[in-house]
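Just so it is clear, the values below take in all heavy atoms, side chains as well, and ignore hydrogens, waters and symmetry mates.
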Amino acid sequence: MTTGRTDPQRRERIIAATLDLIAEEGIARVSHRRIAARAGVPLGSMTYHFSGIDQLLREAFRSFTDHIVAVFDTHLAAAADRDQAREAVADLVHALSEESQRDLVLTQELYTLAARQPSYRELTHAWMHRSRVHLEKHFDPGTARQLDALIEGMTLHRALAREPHERALTLEAVVRITSPARRRER
């Protein structure tokens, strides 16, 4: 183990180890001792860098949501028009459901905490808002809200399905939600 003076990334390693532990074993298995061992840091580093396990969990999940928002940005930033944005949303659903089991588990763990604890609910509200900012570059706010829910739901369904649906079905759902004709019918 290195000392704090020669280990400027210690805090980030603790956060990464926390997320890894949650993803692999669940939030119930998280403790200062287990995180410190996983991060390869002295146990005292935990209380030096974080006031308690709750602060560590909030900061770890904030780091995770930053990562997911960056994934949104990566997929949506290059879209030049509505059709490209629709394609990007479909690609995003498939990337989120196929690429990282870790991200899927962390998302569900965060949602479970948010369902029970207001401080985590605020974190998820901020995350949803930041995700919708990327969608609102291409769609009106109401449509962006619907797309955000569609992305979450379709990602979960695809990730857990025995036979995940094809991209064409995802794109069809995105087109239905974003179709101006559909919105006029209301």
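- For the atom pair Gln55 CD and Thr47 OG1, the distance stands at 11.0 Å (nearest 0.5 Å).
- With a 4.5 Å cut-off on side-chain heavy atoms, Phe72 and Arg130 do not count as touching.
- Taking 4.5 Å as the limit, every side-chain heavy atom of His138 sits out of range of all side-chain heavy atoms of Val89.
- In this structure the side chain of Phe64 reaches within 4.5 angstrom of the side chain of Asp103, judged on heavy atoms.
- The closest side-chain heavy-atom distance from Ile15 to His49 is not below 4.5 Å.
- How far CG of Leu106 is from CZ of Phe61: 6.0 Å, rounded to the nearest 0.5 Å.
- When every heavy atom of Arg121 is checked against every heavy atom of Ala115, the shortest pair comes out as NH2-O, 3.1 Å.
- Considering every non-hydrogen atom in both Asp54 and Gln117, the closest pair reads OD1-OE1, 4.2 Å.
- Of the residues Arg13, Arg10, His32, the one that meets the side-chain hydrogen bond (donor to acceptor under 3.5 Å, both in side chains) test with Ser45 is Arg10.
- Residues Val30 and Ile35 come closest through the heavy atom pair CG1-CD1, 3.4 Å.
- Counting only heavy atoms from C-beta outward, the side chains of Leu150 and Thr170 never approach each other to under 4.5 Å.
- A distance of 9.0 Å separates CE of Met128 from CZ of Arg145, quoted to the nearest 0.5 Å.
- Note that CD of Glu152 and CG of Leu147 are 12.0 Å apart. Values are rounded to the nearest 0.5 Å.
- Between Arg167 and Glu87, at least one side-chain N (NZ, or NE/NH1/NH2) sits under 4.0 Å from a carboxylate O, which counts as a salt bridge.
- Between the side chains of Asp66 and Ser63, no donor-acceptor pair is found at a separation under 3.5 Å.
- In this structure, Val71 and His75 have side chains that are in contact, with non-hydrogen atoms separated by less than 4.5 Å.
- For Tyr111 and Trp127, the gap between ring centers is short of 6.0 Å.
- The closest side-chain heavy-atom distance from Glu24 to Asp20 is below 4.5 Å.
- Other members of the cluster containing Leu104 are Leu156, Leu160, with ILVMFWY side chains joined at under 4.5 Å, either directly or via other members.
- Considering only heavy atoms from C-beta on, Arg86 comes within 4.5 Å of Leu171 through its side chain.
- Ala114 approaches Thr124 most closely through the heavy-atom pair CB-CG2, 3.6 Å.
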- Message: Before you tell me yes or no, could you show the steps for Leu113 and Leu123 under side chain to side chain contact (heavy atoms under 4.5 Å, CB included), namely the whole-Å CA-CA distance, both residues' side-chain angles and the distance that decides it to 0.1 Å?
- Response: CA-CA 10 Å; Leu113 279 173; Leu123 180 59; over 6 Å; no
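- Linking ILVMFWY residues whenever their side-chain heavy atoms come closer than 4.5 Å, directly or via other members, leaves Val105 and Ile27 in distinct clusters.
- In the hydrophobic clustering of ILVMFWY residues, with side-chain heavy atoms under 4.5 Å counting as a link, Ile151 and Leu169 come out apart.
- Ala16 approaches Arg102 most closely through the heavy-atom pair O-NH2, 4.0 Å.
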